[in-house]
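Report on the structure given below.
Whatever order the structure lists them in is the order used to number ligands and atoms, beginning at 1.
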Amino acid sequence: MKAGVLALQGDVREHAAVLAELGASPVEVRTPEDLDRVDVLVIPGGESTTIGKLARSANLVGPVVERARAGMPILGTCAGMIVLAARVEGGEPLFGVLDATVRRNAYGRQVDSFEADVEVEGIDHPVRAVFIRAPIVEQVGPGVRVLATHEGHPVVLEQGNLVAAAFHPELVGETRLHEYVLGKG
Ligand code: GLN
């Protein structure tokens with residue numbers, strides 16, 4: 001299976017390594033033509049405002065939205081969650097396909113980044129989660145399932161073919177969320 005990683009900014013190589021470990025062929029996606037060649041897409045963390053600028057100038061916004069609506073499995077992590085969300089506090093929506101409201105950089109300065117094990121529905125063992133200037137999910141629409149929470153906040157969301165995590169699984173070699181999304185392909 002050809003697994004794309006949106007390669008505009010952020011931790012692209014780590015995601016590609018996880019996908020390769022799971023037996024998929026990682027493809028860096030920078031253009032609409034690259035996107036056409038992949039069966040699933042991972043949107044890495046990074047800086048959502050930068051991802052937005054680069055995605056617009058690469059003419060990728062419409063094509064990503066189209067594929068998302070057509071059912072392509074997508075995993076968005078951290079900034080990847082933000083760019084999928086329909087409503088963004090402290091920012092602007094980009095793809096806007098996930099019926100959720102997220103607030104950027106919502107954890108206080110002292111807890112800017114932290115690690116935790118989170119129980120994810122549908123995945124057997126706790127998933128190791130690295131939160132780095134993570135968004136907080138404020139609200140989700142009726143078609144969105146909350147697969148995991150951390151201290152009362154939803155941290156993994158699923159809406160059909162879309163999965164979004166507020167944290168980085170790839171930075172600690174955590175593979176099970178990627179595996180879950182590849183399983184939808
Ligand atoms: N703070 C970043 C943003 O708002 C997200 C951080 C991350 O992806 N680790 O886009």
**Request:** Indicate, with yes or no, if the rings of His168 and Phe131 have centres closer together than 6.0 Å.
**Result:** no
**Asked** Do Arg133 and Ser113 pass the side-chain hydrogen bond (donor to acceptor under 3.5 Å, both in side chains) test, and can you show the C-alpha distance, the side-chain angles, and the key distance before you say yes or no?
**Response** CA-CA 6 Å; Arg133 301 183 67 231; Ser113 63; over 6 Å; no
Return all side-chain donor-acceptor pairs below 3.5 angstrom for residues 76-94, not counting sequence neighbours, or 'none' if the list is empty.
| unit_1 | atom_1 | unit_2 | atom_2 | d |
| --- | --- | --- | --- | --- |
| Thr77 | OG1 | His15 | NE2 | 3.3 |
| Thr77 | OG1 | Gly45 | N | 3.4 |
| Arg87 | NE | Thr101 | OG1 | 2.8 |
| Arg87 | NH1 | Asp99 | OD1 | 3.3 |
| Arg87 | NH2 | Asp99 | OD1 | 2.8 |
| Arg87 | NH2 | Gln139 | OE1 | 2.9 |

**Item:** Flag if over 12 foreign heavy atoms under 6.0 Å of NZ, Lys184
**Value:** yes
**Item:** Set of residues satisfying side chain to side chain donor-acceptor pair (under 3.5 Å) with respect to Asp36, sequence neighbours excluded
**Value:** none
**Complete:** Residues at least two apart in sequence or cross-chain that pass ring-ring contact (aromatic ring centres under 6.0 Å, His included) with Tyr107, listed by chain then number, are Phe114
Using a 3.5 Å cut-off on N/O to N/O, what pairs does ligand 1 make with the protein? A line per pair would be great.
| unit_1 | atom_1 | unit_2 | atom_2 | d |
| --- | --- | --- | --- | --- |
| ligand 1 | 1 (N) | Asn105 | OD1 | 2.5 |
| ligand 1 | 1 (N) | Arg133 | O | 3.0 |
| ligand 1 | 4 (O) | Arg104 | NE | 2.7 |
| ligand 1 | 4 (O) | Arg104 | NH2 | 3.0 |
| ligand 1 | 8 (O) | Gly46 | N | 2.9 |
| ligand 1 | 8 (O) | Gly46 | O | 3.2 |
| ligand 1 | 8 (O) | Ala79 | N | 3.0 |
| ligand 1 | 9 (N) | Ile132 | O | 2.9 |
| ligand 1 | 9 (N) | His168 | NE2 | 2.7 |
| ligand 1 | 10 (O) | Ser48 | N | 2.7 |
| ligand 1 | 10 (O) | Ser48 | OG | 2.7 |

